[in-house]
Structure formats: C-alpha cells, structure tokens
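Below is one structure, written out as structure tokens, with a few remarks after it.
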Amino acid sequence: MKLLNRAALWLQPKQGYLDWINSLPSAVSELEQPLAEGALDEEGRIYLVEELEEDQGLEQTLALHCSLVLENELAAWDELGTYWPEVLDQPLLTRWFDIRLMPLAFDAAERPLMTAVL
C-alpha cells in the first residue's frame, strides 16, 4: 500500500443540489423525470487535493478548491454552464454538499495509478 502525497475532500450531495438539478430543463439534464428526494444519497465524491499544511483545515482547503469543485459538479449536469448559479462560492458549496476533509490518502490498488487531465 502506498501513502499518496494528497489529502481528500469527501462530498455528499444535499437537497439543494438535487433541487438545482431538478430545476434544469430536461433537454439540459437529460432526465426524463425529476430525481426523487434522496436520489443522490448513495452518491459521494472524492477530490484529491494537495497535502495539508500543518495548520490548514477544511475552510482553507475549500477556499483553494471551491471554484474547481463547483464547476466540476455543475458541469456534470449542465456542461455549457447556461443554468449555473451566478455566484460560485464557498457558501454555495457548503449549502449543496456535506463536506469532510480527509488528511491522508492511501492507494491500496495493485495497478499503477492512471492520471488523465480533464
């Protein structure tokens, strides 16, 4: 097992994110019907981020990565950004997702880590 030189942000979607998805026109979201309450409860996301500085916590880490994370999450449903909220900030991120900071990340896989730049 390998210790990665990364920390991780774990995100769990909340109702506000689901409400935004359901507000999208079906031509954009490609949903045939609205997602039911709790439909995203099983979904979580992991974002690997830089190793934490000694005094760095969740707030500082979110400040560094807030825009990138929100843009990625919103683009999953509205690729062109037509229906994105005007302000993509930390309060929006914390309203739409439960977030935990994991200071250590381990790679338990046997195969080498593959990276792709998006």
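Side-chain atoms are counted along with the backbone in the values below, which use heavy atoms only and exclude waters and symmetry mates. Throughout, residue positions are numbered sequentially from 1 according to the sequence presented.
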Heavy atoms, side chains only, cut-off 4.5 Å: are [X] and [Y] in contact?
X: R45; Y: P13; result: yes
X: D78; Y: W84; result: yes
X: P85; Y: L92; result: yes
X: W77; Y: L24; result: yes
X: L101; Y: L9; result: yes

Q. Do L11 and I46 sit in the same hydrophobic cluster, where Ile, Leu, Val, Met, Phe, Trp and Tyr count as joined when their side-chain heavy atoms come under 4.5 Å apart?
A.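 Each belongs to a different hydrophobic cluster.
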
Q | Cluster overlap L93 with L58, hydrophobic side-chain contacts below 4.5 Å | A |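 Yes.
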
Closest approach of [X] and [Y], non-hydrogen atoms and distance?
X: V49; Y: T61; result: CG2-CG2, 4.0 Å
X: F97; Y: E73; result: CZ-CG, 3.8 Å
X: L3; Y: A105; result: CD1-O, 3.5 Å

Please check this pair: side chain of [X] against backbone of [Y], looking for a donor-acceptor N/O pair closer than 3.5 Å.
X: W20; Y: Y83; result: yes
X: Y47; Y: L68; result: no
X: W96; Y: K14; result: no
X: Q60; Y: G57; result: yes

Q. Can L88 and L74 be said to form a side-chain contact (heavy atoms from CB on, under 4.5 Å), step by step?
A. CA-CA 10 Å; L88 303 181; L74 298 173; 3.4 Å; yes

Atom [atom1] of [X] and atom [atom2] of [Y]: how far apart are they, to the nearest 0.5 Å?
X: D107; Y: K2; atom1: CG; atom2: NZ; answer: 4.5 Å
X: L48; Y: T115; atom1: CG; atom2: OG1; answer: 11.5 Å
X: L4; Y: L104; atom1: CG; atom2: CG; answer: 10.0 Å

Q: May I ask you to check whether Q90 and E59 show a side-chain donor-acceptor distance below 3.5 Å?
A: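 A donor-acceptor contact under 3.5 Å links the two side chains.
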
Q) Quick one: do R6 and E50 make a salt bridge, cutoff under 4.0 Å? A)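 Not counted as a salt bridge, because no side-chain N and carboxylate O are separated by less than 4.0 Å.
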
